[in-house]
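See below for the structure under consideration.
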Amino acid sequence: MAKDVKFRINLTVDGKDHLVEATTNSKKLVHELGLAEDKATA
């Protein structure tokens with residue numbers, strides 16, 4: 001069973017603070033990080 005991974009990101013855009021929350025499962029996160037690594041080394 002895939003575990004959920006939660007992110008809470010504080011952004012400052014044009015001097016205004018924004019809180020962004022995102023959730024994904026660990027399998028999808030590993031897949032996407034692998035794609036990013038492949039592009040970075042290409």
Side-chain angles (χ1 to χ4, degrees):
M1 184 171 137
K3 301 267 183 182
D4 285 342
V5 179
K6 296 181 181 181
F7 297 93
R8 294 186 80 187
I9 304 166
N10 293 311
L11 300 173
T12 302
V13 179
D14 295 331
K16 296 180 182 177
D17 292 327
H18 299 275
L19 177 64
V20 178
E21 295 184 10
T23 303
T24 189
N25 68 51
S26 58
K27 286 184 181 180
K28 184 169 180 162
L29 180 62
V30 167
H31 174 74
E32 294 297 328
L33 289 174
L35 292 176
E37 184 178 36
D38 291 344
K39 288 182 180 180
T41 58

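Predicted model only: the values in this text are computed from it and were never measured. Every heavy atom of this structure was used, including side-chain atoms; hydrogens, water molecules and symmetry mates were not.
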- request: Supply the atom-to-atom distance T12 OG1 to H18 NE2, rounded to the nearest 0.5 angstrom.
  value: 8.0 Å
- request: Would you please name every residue forming a side chain to side chain donor-acceptor pair (under 3.5 Å) with D14, sequence neighbours left out?
  value: none
message: Rounded to the nearest 0.5 Å, what separates atom CG in D4 from atom CG in N25?
response: 6.5 Å
message: Using the rule that Ile, Leu, Val, Met, Phe, Trp and Tyr join whenever any side-chain heavy atoms are under 4.5 Å apart, tell me whether L19 and V13 fall into a single cluster.
response: no
Connected via hydrophobic side-chain network under 4.5 Å: L35 and V5: no
- prompt: Tell me, do T24 and F7 make a side-chain contact under 4.5 Å, heavy atoms counted?
  reply: yes
- prompt: What pairs with T41 under side chain to side chain donor-acceptor pair (under 3.5 Å), at least two apart in sequence or on another chain?
  reply: none
